[in-house]
Amino acid sequence: MRLEDRLAALATAGETIAYGTLARDLGLRLGELTAALETLMEEDAALGRPFRAAVMRQRLSPDGLPAPGFFQKAADLGADVADPAGFAADQRRRLVG
C-alpha cells in the first residue's frame, strides 16, 4: 500500500498511527518516512488541503500529537501552530470531511 493510500484510510477511519509502526508497515526507514511526509505536506500546502501527515502521532505521546517536526514543517509552510493540539485536531477533522 502506498503512503498516500494508508494516510487516507487512517483519516477516513478517524485513526492515528505511530511513525515507527507506519514505517515498518510500509518497509521504510524512519528517515525515509519523515522525508516523504514532509513532501506530502508541501503538496498539501500548495493545494490548500489539510495536512495528511496530521494522522501521525508520537509513539509515547500522551495526547496523541504528531512529532514536533510536523508542527515545525507546518509553520514553515505558513500554518499557525500556536495551539498544537487544536491545530492537529483541526487538520484531522478537515481530513475526514
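Just so you know, these numbers use all the heavy atoms, side chains as well, and skip hydrogens, waters and symmetry mates. For reference, positions follow the sequence shown, starting with 1. Remember, predicted model here, so these are calculated numbers, not experimental data.
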_Can you list everything that forms a salt bridge (Lys or Arg N to Asp or Glu O under 4.0 Å) with Asp5? Sequence neighbours excluded, please._
Arg2
_With heavy-atom distances below 4.5 Å as the criterion, would you say the side chains of Ile17 and Met56 are in contact?_
yes
*Kindly determine whether Thr12 and Val96 satisfy side chain to side chain contact (heavy atoms under 4.5 Å, CB included), including the steps that lead there.*
CA-CA 5 Å; Thr12 299; Val96 175; over 6 Å; no
*asked:* Quick check for you: to the nearest 0.5 Å, what is the distance between Glu43 atom CD and Arg52 atom CZ?
replied: 5.5 Å
*If only atom types and distance count, is the side chain of Gln91 paired as donor or acceptor with the main-chain N or O of Phe51 below 3.5 Å?*
yes
*For the side-chain contact (heavy atoms from CB on, under 4.5 Å) test, which of Asp44, Asp90, Leu95 pairs with Pro50?*
Leu95
*Indicate the atoms forming the closest heavy-atom contact of Ala88 with Pro66, along with that distance.*
CB-CD, 4.0 Å
*Does any non-hydrogen side-chain atom of Phe70 lie less than 4.5 Å from one of Met41?*
yes
Donor-acceptor contacts under 3.5 Å from residues 25-38 side chains, at least two apart:
from  : atom 1 : to    : atom 2 : distance (Å)
Asp25 : OD2    : Arg6  : NH1    : 3.0
Asp25 : OD2    : Arg6  : NH2    : 3.3
Glu32 : OE1    : Arg29 : N      : 2.7
Thr34 : OG1    : Leu30 : O      : 3.3
Thr34 : OG1    : Gly31 : O      : 3.1

Show me the side-chain donor-acceptor pairs of residues 71-80 shorter than 3.5 Å, one per line, residues at least two apart or across chains.
from  : atom 1 : to    : atom 2 : distance (Å)
Gln72 : NE2    : Asp76 : OD1    : 2.7
Lys73 : NZ     : Glu42 : OE2    : 2.5
Asp80 : OD1    : Ala82 : N      : 3.1

_Just verifying a value: how many Å separate Leu10 CG and Glu15 CD, rounded to the nearest 0.5 Å?_
6.0 Å
*Given side chain to side chain contact (heavy atoms under 4.5 Å, CB included), test Asp63 with Arg57 step by step and report yes or no.*
CA-CA 9 Å; Asp63 49 16; Arg57 65 175 156 72; over 6 Å; no
_Separation of Gln58 CD from Tyr19 OH (nearest 0.5 Å)_ = 7.0 Å
